Amino acid sequence: MRIHFALYAILTGFVTSALCQSPAPSTIAAFAEPALVGMKLSIARAVKAGKASEVRGQCVAALTPSAFSDVVDQLLSQYVTPSELQVAESFFASKVGKKYVQHGTLQIYQQVGMPLPASLPEFSDAEYKQLESFAATKVGDALIKQKVMESASSRQVYQGRIGALLSQCPN
């Protein structure tokens with residue numbers, strides 16, 4: 001049990017919480033949460049298939065989105081300017097932005113064939129117009145339409161973080 005606690009302490013301390021330090025905590029969370037969910041679902045499937053241990057599954061399940069905060073912050077700084085980041089933060093901190101993130105995160109479950117833990121949120125006409133307005137901005141175009149945070153180079157950065165996190169979890 002001490003090993004599990006120590007491992008948990010190492011993993012949660014692996015990254016300083018950029019969510020608290022960043023001028024864009026909602027934007028960082030908007031991309032850190034889906035990255036973490038994807039990792040957790042992947043490892044959960046590996047555990048069920050006997051390709052990863054229960055201990056590794058528990059270790060990964062204990063991770064929080066802060067495990068991806070600094071890499072998301074790094075990627076955002078490559079793709080958007082500070083003023084664009086403020087526009088993104090206003091959107092992702094809004095009710096519609098949070099709903100958009102929830103919708104995207106839940107779609108990960110569908111993509112990997114897992115049951116949804118909650119129903120997909122629906123957007124009213126007014127909310128959809130707010131989403132379209134954000135998508136029409138330069139930063140919205142980059143983050144929502146072009147999906148720069150899902151580009152091949154971004155995926156390499158995420159994979160590097162996943163590898164580092166997994167190296168801290170016993171297999």
Side-chain angles (χ1 to χ4, degrees), residues 11-45 60-162 164-165:
L11 288 172
T12 56
F14 188 79
V15 181
T16 59
S17 178
L19 292 174
C20 296
Q21 299 171 1
S22 172
S26 295
T27 306
I28 289 173
F31 295 98
E33 178 70 25
L36 178 63
V37 167
M39 180 183 181
K40 285 182 175 185
L41 291 175
S42 176
I43 295 301
R45 288 178 57 145
V60 170
L63 294 172
T64 65
S66 65
F68 287 93
S69 296
D70 66 329
V71 294
V72 169
D73 194 33
Q74 170 195 343
L75 289 169
L76 285 168
S77 70
Q78 290 176 11
Y79 296 123
V80 302
T81 67
S83 62
E84 290 169 341
L85 189 56
Q86 290 176 348
V87 172
E89 182 62 15
S90 293
F91 174 73
F92 288 113
S94 73
K95 179 182 173 189
V96 174
K98 290 176 183 177
K99 192 183 251 190
Y100 174 78
V101 172
Q102 180 187 21
H103 191 277
T105 301
L106 288 171
Q107 285 182 319
I108 297 169
Y109 287 85
Q110 289 180 320
Q111 292 169 352
V112 299
M114 301 282 283
L116 295 175
S119 59
L120 287 171
E122 294 184 16
F123 295 89
S124 68
D125 289 342
E127 290 172 328
Y128 194 74
K129 285 182 184 186
Q130 289 176 343
L131 178 56
E132 285 179 327
S133 292
F134 175 67
T137 65
K138 185 177 178 186
V139 68
D141 180 70
L143 297 177
I144 292 179
K145 291 180 181 176
Q146 294 180 40
K147 298 183 183 274
V148 296
M149 298 296 285
E150 298 174 31
S151 69
S153 60
S154 294
R155 283 194 305 271
Q156 285 181 331
V157 173
Y158 289 125
Q159 288 300 321
R161 174 50 48 92
I162 289 168
L165 292 168

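All of these numbers come straight from a predicted model, not from anything done at the bench. This chain uses plain numbering: 1 for the first residue, then up along the sequence.
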Tell me which donor-acceptor pairs under 3.5 Å the side chains of residues 139-148 have, and how far apart each pair is, sequence neighbours excluded?
residue: Asp141; atom: OD2; partner: Gln146; partner atom: NE2; Å: 2.5

May I have the list of side-chain donor-acceptor pairs in residues 108-118 shorter than 3.5 Å, sequence neighbours left out?
none

Exercise. Within the distance-only criterion (no hydrogens, no angle test), does the side chain of Ser133 pair as donor or acceptor with the backbone N or O of Lys129 below 3.5 angstrom?
Worked result: yes

Problem set entry | Shortest non-hydrogen contact from Ala67 toward Arg161 | O-NH1, 2.7 Å

Exercise. Considering all heavy atoms of both residues, which atom of Leu106 and which atom of Ser119 are nearest to each other, and what is their separation?
Worked result: CD1-O, 3.5 Å

For this session: Before giving the answer on side chain to side chain contact (heavy atoms under 4.5 Å, CB included), spell out for Glu33 and Val37 the whole-Å C-alpha distance, their side-chain angles and the decisive distance to 0.1 Å.
Result: CA-CA 6 Å; Glu33 178 70 25; Val37 167; 3.4 Å; yes

Exercise. If you take all heavy atoms of Ala32 and Pro65, which pair is closest and at what distance?
Worked result: CB-O, 3.5 Å

Exercise. Take atom OH in Tyr128; do more than 12 heavy atoms of anything else shown fall under 6.0 Å from it?
Worked result: no

Exercise. Hey, mind stepping through Ser151 and Ser154 against side chain to side chain donor-acceptor pair (under 3.5 Å) and telling me if it holds?
Worked result: CA-CA 5 Å; Ser151 69; Ser154 294; 3.1 Å; yes

Exercise. Distance from Arg155 atom CZ to Leu75 atom CG, nearest 0.5 Å?
Worked result: 12.0 Å

Exercise. Which class fits the ring pair His103 and Phe123: parallel under 30°, tilted 30 to 60°, perpendicular over 60°?
Worked result: tilted

Exercise. Got a sec, which pairs hit salt bridge (charged side-chain N to carboxylate O under 4.0 Å, His left out) with one end in residues 77-92, sequence neighbours left out?
Worked result: Glu84-Lys138

For this session: Evaluate the criterion side chain to side chain donor-acceptor pair (under 3.5 Å) for residue pair Tyr100 and Ser94; output intermediate values, then yes/no.
Result: CA-CA 10 Å; Tyr100 174 78; Ser94 73; over 6 Å; no

For this session: Mind checking the OG-CZ spacing from Ser26 to Phe91? Nearest 0.5 Å is all I need.
Result: 11.0 Å

For this session: Any chance you could measure Leu36, atom CG, to Ile162, atom CD1, to the nearest 0.5 Å?
Result: 9.0 Å

Exercise. Lys40 side chain to Leu63 main-chain N or O, any donor-acceptor pair under 3.5 Å?
Worked result: yes

Exercise. When the ring centroid of Tyr158 is compared with that of Phe31, is the distance short of 6.0 Å?
Worked result: no

Problem set entry | Verdict with reasoning, Phe92 to Ile28, per side chain to side chain contact (heavy atoms under 4.5 Å, CB included) | CA-CA 9 Å; Phe92 288 113; Ile28 289 173; over 6 Å; no

For this session: Tell me, with the steps shown, if Lys95 and Gln130 meet side chain to side chain contact (heavy atoms under 4.5 Å, CB included).
Result: CA-CA 10 Å; Lys95 179 182 173 189; Gln130 289 176 343; over 6 Å; no

